[in-house]
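In the text below, chain A, chain B and the rest are named by the order of the sequence lines, each starting its count at 1.
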Amino acid sequence: EPEVTQTPSHQVTQMGQEVILRCVPISNHLYFYWYRQILGQKVEFLVSFYNNEISEKSEIFDDQFSVERPDGSNFTLKIRSTKLEDSAMYFCASSVSRSNQPQHFGDGTRLSIL
Amino acid sequence: DQQVKQNSPSLSVQEGRISILNCDYTNSMFDYFLWYKKYPAEGPTFLISISSIKDKNEDGRFTVFLNKSAKHLSLHIVPSQPGDSAVYFCAANVIQGAQKLVFGQGTRLTINP
């Protein structure tokens, strides 16, 4: 069964450094998402992406965050200058369409900011 | 943001019996609801969904019930198996709106042999 893959599984970064989290969505999916889960909290939406542009973003997704689909298969989340509170599990998801179709999630990247 | 709530943080059920997980929502605009299962160190795995035009959807051992007037949905697993032990998340969105899923806090289900 096709799946969403995320790399790396764990990223440790010094505060203030840039980090790029990578995702390969399911190949025939057209909608892409990033979510995060801070330890002990709910899974929270960050951003959705369709047709090479952001379709929606949450208030968490400020100017420090950006997303890109650089080559037609990868979907990346960049955090420009990481803060301690960015430590979380980051999940990528994709869906085939926007109507009545589930989002399928990768196994996540654990981001630890020191 | 408490738009989707799972009030039971944990549930313990005997193997072979029925597991019932509950979820409440407050946003009447939600019209698509999903259940995800999550094992440690893995991402949420889609289980079953229901749109607001239905009140029940069944897939094998899993059935989701939707009560729109009460803004309540439940997931029934029968019979429960040891491999069902996981955290279960309820999620909701608005089909024609933003595609963001709003998640509940999750319920940890433990199936006892």
Side-chain angles (χ1 to χ4, degrees), chain A residues 1-10 21 23-26 29-51 53-61 88-110, chain B residues 1-7 9-10 23-27 29-54 57 59 62 64 66 73 75 86-108:
Chain A
E1 186 174 324
E3 56 184 30
V4 176
T5 56
Q6 290 186 243
T7 54
S9 56
H10 191 189
L21 309 183
C23 169
V24 179
I26 295 172
H29 286 190
L30 301 176
Y31 293 80
F32 315 113
Y33 314 86
W34 284 99
Y35 291 81
R36 78 173 185 191
Q37 185 179 27
I38 294 171
L39 189 63
Q41 297 186 22
K42 290 186 180 186
V43 176
E44 309 173 278
F45 169 81
L46 291 178
V47 65
S48 60
F49 190 87
Y50 168 71
N51 201 25
E53 58 183 33
I54 290 173
S55 43
E56 167 120 9
K57 59 184 180 179
S58 72
E59 55 198 31
I60 302 167
F61 194 89
M89 280 293 290
Y90 287 80
F91 294 107
C92 174
S94 67
S95 63
V96 65
S97 73
R98 61 182 289 155
S99 299
N100 286 23
Q101 293 296 322
Q103 295 177 22
H104 294 271
F105 286 76
D107 284 341
T109 293
R110 177 170 299 285
Chain B
D1 181 356
Q2 292 289 313
Q3 293 188 76
V4 178
K5 284 189 285 190
Q6 294 174 256
N7 290 317
S10 63
C23 178
D24 297 296
Y25 62 96
T26 55
N27 187 343
M29 298 296 291
F30 287 147
D31 54 5
Y32 184 55
F33 304 89
L34 309 92
W35 284 95
Y36 286 87
K37 170 179 172 179
K38 187 180 181 303
Y39 294 120
E42 293 185 13
T45 299
F46 169 70
L47 270 179
I48 192 168
S49 62
I50 188 166
S51 69
S52 59
I53 61 172
K54 293 182 158 188
N57 189 26
D59 183 1
F62 303 93
V64 56
L66 176 62
L73 64 156
L75 174 69
V87 177
Y88 288 78
F89 292 98
C90 165
N93 77 350
V94 179
I95 293 172
Q96 293 305 320
Q99 288 308 291
K100 64 178 186 181
L101 292 178
V102 179
F103 281 82
Q105 307 94 310
T107 296
R108 180 176 302 280

task = Could you look at A41(B) and say if it's the side chain, the backbone, both or neither that has a heavy atom under 4.5 Å from chain A?
result = backbone
request  = Kindly indicate whether the side chain of L101(B), heavy atoms from C-beta on, has any atom under 4.5 Å from the side chain of Y33(A).
outcome  = no
Chain B contact via Q101(A) - side chain, backbone, both or neither, heavy atoms under 4.5 Å = backbone
ask   = Is the shortest heavy-atom distance from the side chain of Y32(B) to the side chain of P102(A) under 4.5 Å?
value = yes
Side chain to side chain contact (heavy atoms under 4.5 Å, CB included) between F46(B) and F105(A), worked out = CA-CA 8 Å; F46(B) 169 70; F105(A) 286 76; over 6 Å; no
message = Looking at every non-hydrogen atom in both residues, tell me the closest pair between P44(B) and G106(A) and how far apart they are.
response = CD-O, 4.4 Å
Residue Y50(A) versus chain B: region with a heavy atom under 4.5 Å = neither
query = So which part of F89(B) gets closer than 4.5 Å to some heavy atom of chain A, the side chain, the backbone, both or neither?
reply = side chain
message = So for L34(B), is it side chain, backbone, both, or neither that comes closer than 4.5 Å to the heavy atoms of chain A?
response = side chain
S49(B) versus chain A, the contacting section by heavy-atom distance below 4.5 Å = neither
task = Given side chain to side chain contact (heavy atoms under 4.5 Å, CB included), test E56(A) with Q99(B) step by step and report yes or no.
result = CA-CA 8 Å; E56(A) 167 120 9; Q99(B) 288 308 291; over 6 Å; no
key: Heavy-atom side-chain proximity of Y39(B) to D107(A) below 4.5 angstrom   = no
ask   = Counting only N and O atoms by type, is there a donor-acceptor contact under 3.5 Å from the side chain of Q41(A) to the main-chain atoms of Q105(B)?
value = no
query = Going by heavy atoms in the side chains, are Y36(B) and H104(A) under 4.5 Å from each other?
reply = no
ask   = Has the side chain of K100(B) got a donor or acceptor atom that lies under 3.5 Å from a matching backbone atom of E44(A)?
value = no
task = Determine whether Q37(A) and K38(B) make a side-chain contact, defined as any pair of heavy atoms from C-beta on separated by less than 4.5 Å.
result = yes
request  = Flag the pair F103(B) / F45(A) as yes when at least one side-chain heavy-atom distance between them is below 4.5 Å, and no otherwise.
outcome  = no
inquiry  = Looking at every heavy atom in both G43(B) and F91(A), which two are closest together, and how far apart are they?
reply    = CA-CE2, 3.6 Å
